Amino acid sequence: MISDAAPRDDSGNCLRDIVTQAVCDYLNRSLRPDAGLIRRLLIYERTARHAGLERQTIQVIESGLRLLCDRQNAIAAPKQFQPGSIEGPQ
């Protein structure tokens, strides 16, 4: 007997691969944040949660969003992210 978890695992694996490839392609080629990709990842995350996909799938999507948003913040305020500019607590 095949369990209901098998199709969900396949969907999760496929979605993780799609998200990983899209984020890696963006990070390797683009300097500017892509609002369309960020919106898509937010939709993927919501859909994955509603579909009950594995926590690992949701973590991959969240990591992709974090990477994209970190880059967006770095571009918006580059002085905050220059090496040697971070000082410890005083």
Side-chain angles (χ1 to χ4, degrees):
M1 182 198 297
I2 298 174
S3 74
D4 289 339
R8 273 192 258 159
D9 291 345
D10 289 343
S11 297
N13 289 338
C14 183
L15 185 56
R16 285 194 300 268
D17 291 346
I18 290 168
V19 169
T20 300
Q21 189 62 51
V23 172
C24 288
D25 286 349
Y26 166 76
L27 292 174
N28 288 330
R29 290 192 225 156
S30 181
L31 296 175
R32 289 263 163 225
D34 182 355
L37 178 55
I38 292 170
R39 272 192 298 270
R40 254 188 324 206
L41 292 180
L42 290 169
I43 292 168
Y44 290 163
E45 181 184 16
R46 185 175 57 237
T47 303
R49 288 181 189 279
H50 283 47
L53 295 182
E54 295 177 317
R55 181 72 189 138
Q56 183 180 4
T57 301
I58 295 166
Q59 288 173 337
V60 167
I61 298 167
E62 289 173 342
S63 294
L65 283 166
R66 224 175 0 262
L67 285 168
L68 296 175
C69 292
D70 285 350
R71 177 170 263 186
Q72 186 174 24
N73 291 336
I75 291 170
K79 291 181 183 176
Q80 294 177 359
F81 296 97
Q82 291 177 354
S85 67
I86 300 174
E87 297 179 19
Q90 297 180 357

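Quick note: residue numbers are just sequence positions, from 1. For clarity, every value in this text was computed on a predicted model and none was experimentally measured.
Nearest heavy-atom pair across Leu53 and Ser11 is CD2-CB, 4.1 Å. Closest approach of Gly64 to Val23, counting heavy atoms only: CA-CG2, 3.8 Å.
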Working note: Glu62 + Ile58, criterion side-chain contact (heavy atoms from CB on, under 4.5 Å); need CA distance, chi angles, decisive distance, verdict. CA-CA 6 Å; Glu62 289 173 342; Ile58 295 166; 3.7 Å; yes
With side-chain contact (heavy atoms from CB on, under 4.5 Å) as the test, would you mind laying out the steps for His50 and Thr47 before giving the verdict? CA-CA 5 Å; His50 283 47; Thr47 303; 5.8 Å; no
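For the side chain to side chain contact (heavy atoms under 4.5 Å, CB included) test with Thr20, the passing option among Ile61, Leu15, Val60 is Val60; the others fail.
Arg29 has its side chain within reach of Asp25: a pair of non-hydrogen atoms, C-beta onward, lies under 4.5 Å apart.
Expressed to the nearest 0.5 Å, how far CD1 of Ile38 lies from CD1 of Ile43 amounts to 12.5 Å. One finds the CG atom of Leu65 at 5.0 Å from the CG atom of Leu42 (value rounded to the nearest 0.5 Å). Going from atom CZ of Arg49 over to atom CZ of Arg55 covers 5.5 Å, rounded to the nearest 0.5 Å. The line from CG of Leu67 to OH of Tyr26 is 10.5 Å long, rounded to the nearest 0.5 Å. Expressed to the nearest 0.5 Å, how far CZ of Arg46 lies from CG of Leu41 amounts to 12.0 Å.
Side chain of Ser63 to main chain of Gln59: a donor-acceptor pair is present (N/O by atom type, distance under 3.5 Å, no hydrogens or angles).
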